[in-house]
K.L.:
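Pasting in a structure now, in structure tokens, and then I'll have a few things to ask.
Each residue takes its place number in the sequence, starting with 1. Predicted model only: the values in this text are computed from it and were never measured. Any value given below was found using the heavy atoms of this structure, including those in side chains, with hydrogens, waters and symmetry copies removed.
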Amino acid sequence: MNQFWQGKYLLLTCEERDGKTLLVMSELYPTKEALDASGTGAREAINETF
């Protein structure tokens, strides 16, 4: 397993609102150190995820 993903949880929820789907993505890291080690750039990378 890639060390980046070790201990990290990714939660996706979908909810219908006014006939549209709201998608919420949350990340949970086991420690602050793991969060810090994940680096930056998540905003830029999210477009590639979807």
Side-chain angles (χ1 to χ4, degrees):
M1 177 184 296
N2 183 319
Q3 187 174 352
F4 174 77
W5 290 102
Q6 193 170 14
K8 175 182 173 181
Y9 290 91
L10 182 64
L11 175 67
L12 294 172
T13 59
C14 298
E15 179 182 324
E16 185 178 342
R17 287 195 182 175
D18 300 320
K20 297 181 180 180
T21 302
L22 173 67
L23 175 68
V24 177
M25 185 172 80
S26 303
E27 295 178 337
L28 177 65
Y29 293 86
T31 64
K32 181 173 182 331
E33 291 77 19
L35 171 62
D36 292 343
S38 71
T40 59
R43 246 182 234 277
E44 293 80 16
I46 194 69
N47 292 334
E48 293 180 26
T49 303
F50 294 102

K.L.:
Could you grab the distance from atom CG of Leu11 to atom CG of Leu28, nearest 0.5 Å is fine?
P.N.:
9.0 Å
K.L.:
Looking at side-chain heavy atoms only, is the closest gap between Met25 and Leu10 below 4.5 Å?
P.N.:
yes
K.L.:
Nearest 0.5 Å, what's the CD-CG distance between Glu16 and Leu22?
P.N.:
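Spacing of CD (Glu16) from CG (Leu22) equals 11.0 Å.
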